[in-house]
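Atoms within each ligand, like the ligands themselves, are counted from 1 in listed order. Small disclaimer: the values here were computed from a predicted structure and weren't measured. All residue numbers in this chain count up from 1 along the given sequence.
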Amino acid sequence: MFLTLFKYNILIVIFMKIATILGTRPEIIKMAPIIDEISKRDINQIVLHTGQHYDEEMSDNFFKDLEIPVPDYNIHVGSGTHGKQTGLMMKGIEEVLLDEKPDIVLVQGDTNAVLAGALVASKLHIPIGHVEAGLRSFDMTMPEEVNRRAADVCSSMYFIPTEESAINLLAEGFSRKNLFITGNTVVDACFRHLKIAQKRGFEDESLKELNVENMENILTLTMHRAENVDDKTRVSNIIDALRQLSDMNIIFPIHPRTKNTLKKFGLFDELANLDHIHIVKPLGYLDFLLLTSKSTLILTDSGGLQEEAITLNVPALTLRYNTERPETVTAGGNILVGSNTQAILENANKILNDEKFAERMKNASNPYGQGNAAKLIVDAIEDYYENGLLNISAPEDIMSSFTRKMTQVDDDISVGEFELKENALVHMVFDGEKMLFPTDELNLNGMMIAYDKRE
Ligand code: UD1
Ligand code: UDP
């Protein structure tokens, strides 16, 4: 908040304005805690929905379940090719931003909304805060990898779930100064809403009809990644495994993309007719959280669900060959099985039959924080605003020369002290083979560092 004293002694209070751009189910879920946190403070906010997801069960229901207001704008882009969808989003977002002139734009994750929002805002010189920045699958065939990398290039503030993701950004040469390790807002949403869901119970009619409340051996399945569901061989291999997992009650809230492609490939009816597989419509957030928390196993290609599984202590098998959430695998709560029938079956059966193995997966520690990410994010934005750090303008100082160096440090000196003493910015710190995030307090004695030095 800024207080401005105009002539005639009129006190004008200027509040910061934050614009949040979202467009799909996971963005609504992960931005909800931030929207809620902003609404508790003296900050103006607008929420812009691109309309990429538009079915009630992919969009509107989440605003209700997560108790956040309907968006101020919806530009209704709908479905389409990447170019058309992103182009239409850019046009609509630009009109709103020109009109609203926010102090910062927030985008979340790696969808086309993130790409469109980041490109438009950066050209308008509006700072961008990228929520869930720094994730990398290193697979450029994924549209999401292109989107998240492009958004990171355009951003001014990076809200990063884990140290590993922060290191990805450092390794790409991003300055450590604007990186904030906050945890993931999915944990905030999960902790808050699981309690509400447990109190309320299942409301979805299909789940009630199936008596999921008293069901055992639940396997919750979700899949929607283009590289799986648009590929007949991959999806057939996955279905082959599902057919053989007949000891499980497989609950499959089906994503509209997946429903379309399974029908196109002529696989939908066969799957729907299997007794142990229950295909249901996409579920609301509360029903879905309750379902996953009661599950013995999660089989998914979703990004958010890999995070929720480890948050809810449910073993996950991920139907992908790589993941931008490697922390879940390292921690032991998630195993990558690709679309390989044997790998899915072997690991699923191990979780079902080897109690020790299943316990180890359940007890994997959650790398995504304590559930206070939204607070940390909004604190950091307020701090930047109050210190004038959200103003983007063309530089007026003639650039001083700087050199990029590597050196071994043999003194008891922290990163902050080193930077002050050398007029330098430390980018990377290696402790032997291990790369560390250079916090101000980190002692550099014995470490190899890379830094920029202003001359
Ligand atoms: C998008 C995101 C993906 C994210 C996912 C979350 C991109 C590039 N992809 O993928 O990163 O993980 O959302 O679920 O941004 N459809 C409907 N109703 C809807 C929405 C979609 O029927 O409300 C159908 C349409 O046929 C559409 C298809 O689903 O063509 C795919 O939708 P789209 O938004 O393009 O991609 P997602 O697969 O949902
Ligand atoms: N989800 C939901 N209902 C469902 C399936 C998923 O509420 O029927 C939630 C889930 O809890 C998670 C998010 O949707 O938070 C994940 O969205 P999705 O898998 O579509 O996208 P991704 O995370 O892969 O981008």
Looking at ligand 2, does Met58 have a heavy atom less than 4.0 Å from it? no
Please work out which of the three classes, parallel, tilted or perpendicular, describes the rings of His193 and Tyr285, given edges at 30° and 60°. perpendicular
Decide whether an N or O pair under 3.5 Å exists between Asn147 and ligand 1. no
Distance from atom 25 (C) of ligand 1 to nearest protein heavy atom, with residue and atom: Ser79 OG, 3.3 Å
Check Arg243 with Glu270, please: is the shortest side-chain N to carboxylate O separation under 4.0 Å? yes
Enumerate the atoms of ligand 2 whose separation from the nearest heavy atom of Gly304 is less than 4.0 angstrom. 22 (P), 23 (O)
Nearest heavy atom to atom 5 (C) of ligand 2, choosing from Met223, Arg25, Gln306, belongs to Arg25
Decide yes or no for Tyr73 and Ile21: does some side-chain heavy atom of the first lie under 4.5 Å from some side-chain heavy atom of the second? no
Should the pair Phe174 and Tyr158 be assigned to parallel (<30°), tilted (30 to 60°) or perpendicular (>60°) ring geometry? perpendicular
When you check the gap from the basic side-chain N to the acidic O, do Arg41 and Asp379 get nearer than 4.0 Å? yes
Which segment of Ser302 sits under 4.0 Å of ligand 1 when only heavy atoms are counted: neither
With a 4.0 Å cut-off, would you call Asp60 and Lys64 a salt bridge? no
Atoms of ligand 2 less than 4.0 Å from Pro282 heavy atoms? 8 (O)
Geometry only, no angles: is Gly303 polar-contacting ligand 2 at N/O separations under 3.5 Å? yes
Shortest protein heavy-atom distance from atom 25 (O) of ligand 2, along with the residue and atom involved: Pro26 CG, 3.4 Å
Test Tyr384 against Phe180 for ring-ring contact (aromatic ring centres under 6.0 Å, His included), laying out the working first. CA-CA 12 Å; Tyr384 263 44; Phe180 302 87; 5.5 Å; yes
Mode of His224 contact toward ligand 2 - side chain, backbone, both, neither (heavy atoms, under 4.0 Å): side chain
Would you mind listing which atoms of ligand 2 come within a distance below 4.0 Å of any non-hydrogen atom of Arg225? 22 (P), 24 (O), 25 (O)
Any nitrogen or oxygen of Glu308 lying under 3.5 Å from a nitrogen or oxygen in ligand 2? Just yes or no. yes
Pairs flagged by salt bridge (charged side-chain N to carboxylate O under 4.0 Å, His left out) wherever residues 160-187 is involved - sequence neighbours left out: Arg136-Glu172, Arg149-Glu172, Arg176-Glu419, Arg176-Asp440, Lys177-Glu419
Quick look: Tyr285 vs ligand 2, heavy-atom contacts under 4.0 Å, and the answer is both
Short version for Glu144: what comes under 4.0 Å of ligand 1, heavy atoms counted, is side chain
Do me a favour and list the nearest non-hydrogen protein atom to atom 1 (N) of ligand 2 with residue, atom name and distance? Phe288 CD2, 3.6 Å
Element-labelled atoms of ligand 1 that are located less than 4.0 Å from some non-hydrogen atom of His255: 14 (O), 37 (P), 38 (O), 39 (O)
Among residues two or more places apart or on two chains, list those pairs meeting side-chain hydrogen bond (donor to acceptor under 3.5 Å, both in side chains) that have a residue in residues 319-338. Glu132-Arg325, Asp139-Asn322, Arg148-Glu324, Thr162-Glu327, Gln306-Thr323, Gln306-Asn334, Glu307-Arg325, Thr318-Asn334, Arg320-Asn322, Arg320-Glu324, Tyr321-Ser339, Glu327-Tyr368, Thr328-Asn334
Sub-4.5 Å side-chain heavy-atom contact between Val107 and Val105: yes
Stacked cation flag Lys350 on Phe357, 6.0 angstrom / 45 deg: yes
Between Lys362 and Glu359, does at least one N-O distance fall below 4.0 Å, as a salt bridge requires? yes
Taking 4.0 Å as the limit for heavy-atom contacts, which would you say applies to Ser302 with ligand 2: side chain only, backbone only, both, or neither? both
Any side-chain heavy atom of Lys123 sitting closer than 4.5 Å to one from Glu94? no
Are Lys40 and Asp36 close enough for a salt bridge, meaning some N to O gap below 4.0 Å? yes
Just heavy atoms, cut-off under 4.0 Å: does Leu283 contact ligand 2 by side chain, backbone, both, or neither? both
Nearest non-hydrogen protein atom, atom 6 (C) of ligand 1: Pro26 CD, 3.5 Å
For atom 24 (C) of ligand 1, what's the nearest protein heavy-atom neighbour? Residue, atom name and distance, please. Pro256 CB, 3.8 Å
Would His224 count as being in polar contact with ligand 1, using the rule that some N or O on each side must be under 3.5 angstrom apart? yes
What atoms in ligand 1 come closer than 4.0 Å to a heavy atom of Asn260? 26 (O)
Does this structure show an ion pair linking Glu203 with Arg200, if we count only N-O contacts that are shorter than 4.0 Å? yes
Any nitrogen or oxygen of Asp55, main chain or side chain, under 3.5 Å from a nitrogen or oxygen of ligand 1? yes
Tell me, with the steps shown, if Lys208 and Glu213 meet salt bridge (charged side-chain N to carboxylate O under 4.0 Å, His left out). CA-CA 7 Å; Lys208 286 208 269 189; Glu213 180 65 47; over 6 Å; no
Check contact between Ile29 and ligand 2, using heavy atoms of the residue and a distance below 4.0 angstrom. yes
May I ask which of Glu56, Gln52, Glu27, Arg225 has a heavy atom nearer to atom 2 (C) of ligand 1 than the others do? Gln52
Nearest to atom 7 (O) of ligand 2, what protein heavy atom do you find, and at what distance? Phe62 CE2, 3.2 Å
NZ/Lys84: more than 12 non-hydrogen atoms of other groups inside 6.0 Å: no
To check your reading of the model: name the closest protein heavy atom to atom 31 (C) of ligand 1, its residue, and the distance in Å. Arg257 NH1, 3.4 Å
Atom 39 (O) of ligand 1: closest protein heavy atom, distance to 0.1 Å, is His53 NE2, 2.7 Å
With a heavy-atom distance limit of 4.0 Å, tell me whether Asn112 approaches ligand 1 through its side chain, its backbone, both, or neither. both
